[in-house]
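Down below is the structure, laid out as structure tokens.
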Number of protein chains: 2
Amino acid sequence: MPTIADVAAHAGVGQGTVSRVLNGSPKVRDATRARVLSAIELLDYRPNPLARGLSRGRCQTLGVVVPFFTHASAIERLRGVASGLDGSRYDLVLFNVESPVHRDEHIASITGRDRADGLLVLSLPVADRDLQRLTAAGVPVVLVDAPGTGVPTVVTDDRAGGRVATQHLVDLGHRAIGYLGHDPSNPFGFTATDDREAGYLEVLADAGLPVRRELIRYGPHDREAGRALAAELLAEPHPPTAIFASSDAQAMGVLAATEDAGLRVPRDLSVIGFDDVELSSYVGLTTVRQPLFESGRLGVELLLAALAGDPPPPTVHALPLELVVRSTTAPAPRRHDPNHISQPRGNAR
Amino acid sequence: MPTIADVAAHAGVGQGTVSRVLNGSPKVRDATRARVLSAIELLDYRPNPLARGLSRGRCQTLGVVVPFFTHASAIERLRGVASGLDGSRYDLVLFNVESPVHRDEHIASITGRDRADGLLVLSLPVADRDLQRLTAAGVPVVLVDAPGTGVPTVVTDDRAGGRVATQHLVDLGHRAIGYLGHDPSNPFGFTATDDREAGYLEVLADAGLPVRRELIRYGPHDREAGRALAAELLAEPHPPTAIFASSDAQAMGVLAATEDAGLRVPRDLSVIGFDDVELSSYVGLTTVRQPLFESGRLGVELLLAALAGDPPPPTVHALPLELVVRSTTAPAPRRHDPNHISQPRGNAR
DNA sequence: GATCGCCGTGGAAGCGGTTCCACGACTGCG
DNA sequence: CGCAGTCGTGGAACCGCTTCCACGGCGATC
């Protein structure tokens, strides 16, 4: 591997000059610059990023902390991140989080510009102490889909989203509406779906509907959990006529459970999800769309701006939500007897 | 940020000793080691990875080159990669490839251990010249789902897979079988689906069926392309009764096109895909499963073995394929008149 | 009891860049 | 025509770590 000294020798200049050429300094005579460039060409020289990083005190790398492949939604966000990074000079290093320990380890491992020049955290809350430490160390942080103070944040109004979803069901005449979310005390500290639940509760209250605690269930955001929880709801003595699942992944499970129980969607049960992942359009799921791709992209843009010495204020950027009505929601079945719906469920367990 | 010199001063030792403690050298007296460790603790010292990398000539990072989010299958492989990397000391840097230029740029940018200690390339062929250059520079390379000489490779027998899929359709009595793949001259140089096509052609020949060129179409591996190509096939004067799509993504498009044409799957058209991405199980797509997750994981394991100084021979690891029959394939419709099937297609364009 | 290792350690020389400082040559001004 | 200022440049210090080399002290050996 040729070094800067080799280039300097070949070009007959000092290594300081080669470095200036490399970094586009204007204080190099054109003739000199040409000699250096041709020596670089001749030797097929490339600067060593490690040495450069050590010397400049930064590493041209962006860290992305992401609960990796547990949620399809994370992938969509990552796509946005990758697209926002395209054309920039930064490398992307991925910190995969599959447990709370992971999250803390990764965040603790960043102590300065030697590991990552900036940090983008997806869907995971970061302790204020860590945020302050990183900021003090000159590492800008941007949070996407998670709360945090003092740093730019990209969020959606999950409470409003919860309202929109629930209101849609209420408007269709449903009065027994189940809710599926994750446990508010989950160890990761996800908070988004808590807000969705709050929106759900508000709409129930506004509509004068009772809150039936037995219709609210918690579990992880995956299909199997959704399936199991929905099966429980459907086995209730007075089952819901509609279910709001706070993620599309859980909603997919609701669909499966409905089929298991010999019921038809949307005839016997309306289902609405949250996220609008790619799959949802294939399946025809009614859902609340949140701009996942755009959130990742905006997050990166904010981070790049901070790195470009144009520090964005710690604004909370709220991205819009949109109700996407497809084919899993329909008007509530008419009935005189509140137990009516339980009749066709012959093969439900 | 404290440096190794600070630690040395606090512990009253030389920095060489601190370094030895850091790297677990046995030639440090226990008492000394304890003093150093407590100084490290006290100062909350962490070694600077850049400096360490520069000094040792490697950077504790693995590069993964991946046609990022164009294929859902790439994601599945990446999950395997992430899981295989879990617990290792290596960081994962992602090189996103959305164009052939990208691919070449990224591969060219790796010139030694200063950028990545090893390289994992997914689904993209790498020129022998680059492979040799990287090997010479001490950067081990592992290829997954792509051909290459002189390096460990993880593949599936795509030709056999093409045979299995086609044979399944033949066994069901289909005699007019369409094929969807990508253009063999695609600029990325993907080759996997060419082999699937070869398998398709072999089975046709074995079964004594004619190769009808008009039933073979090429396009990118996404849903929209599959939809458009399938629409063309269905508009043929003698349309196929079954279609083998060489990726699940295209198969999804075939399903959509069938619906567009007012036809029913599998009654009017049997559809089989390839990959078995997560989505396929939801949709009930019959397909040929290839172990995507496992391929990524095995690739990383081979790379880590190479890095651990245990260089694996340049073996080709072939992973098994499996026919997964779901609900999009059925026996071919009986008919005396070969144009029979075209009758119900009133609203096809 | 002197010599020979060996062990544990300190110090310095890299690793390959960036950046600051000093310096010579040239320009422009009085 | 002399002097200050600018421009372009070379060289050295430095970034923070690893590793090699040299050296002092100790126990084993004869």
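The sequence lines fix the lettering, A, B, ..., with proteins before strands; numbering per chain opens at 1.
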Take atom [atom1] of [X] and atom [atom2] of [N], then tell me their distance rounded to the nearest Å.
X	N	atom1	atom2	result
Asn48(B)	dC17(D)	CG	P	6 Å
Leu54(B)	dT19(D)	CG	P	12 Å
Ile4(B)	dC15(D)	CD1	C1'	13 Å
Arg115(A)	dC15(D)	CZ	C1'	19 Å
Leu50(A)	dT18(D)	CG	P	12 Å

Salt bridge (charged side-chain N to carboxylate O under 4.0 Å, His left out) pairs touching residues 140-153 of chain B, sequence neighbours excluded, are Arg77(B)-Asp145(B)
Residue pairs meeting salt bridge (charged side-chain N to carboxylate O under 4.0 Å, His left out), one or both in residues 118-136 of chain A, sequence neighbours left out, come to Asp130(A)-Arg133(A)
Outermost contacting nts on DNA chain C, any atom under 4.0 Å from chain A heavy atoms, listed 5' then 3', are dG16(C) to dC20(C)
Minimal heavy-atom distance between Pro187(B) and Arg103(B), with the atoms involved, is O-NH1, 4.2 Å
Heavy-atom nearest pair, Val64(A) first then Leu78(A), reads CG1-CD2, 4.1 Å
Please classify the nucleic acid contact of Arg46(A) as base, sugar-phosphate, or nothing, using heavy-atom distances under 4.0 Å.
sugar-phosphate
Just by distance, do the side chain of [X] and the backbone of [Y] share a donor-acceptor pair under 3.5 Å?
X	Y	answer
Thr135(A)	Leu131(A)	yes
Thr315(B)	Pro313(B)	yes
Thr153(B)	Val151(B)	yes

If each end axis of the helix from dG1(C)-dC30(D) to dG30(C)-dC1(D) is fitted on five C1' pair positions, the angle between them, to 10 degrees, is 50°
> Under a 4.5 Å cut-off applied to non-hydrogen side-chain atoms, are Asn23(A) and Arg52(A) in contact?
Replying inline: yes
task = Measure up the Phe190(A) and His182(A) rings against each other and bin them: parallel (under 30°), tilted (30 to 60°), perpendicular (over 60°).
result = tilted
Within residues 11-31 of chain A, the residues having a heavy atom closer than 4.0 Å to DNA chain D are Gly12(A), Val13(A), Gly14(A), Gly16(A), Thr17(A), Arg20(A), Lys27(A), Val28(A), Arg29(A)
Testing dG8(D), dG16(D), dT18(D) for proximity to the side chain of Thr32(A), the answer is dG8(D)
By ring-ring contact (aromatic ring centres under 6.0 Å, His included), His102(A) pairs with (sequence neighbours left out) His106(A)
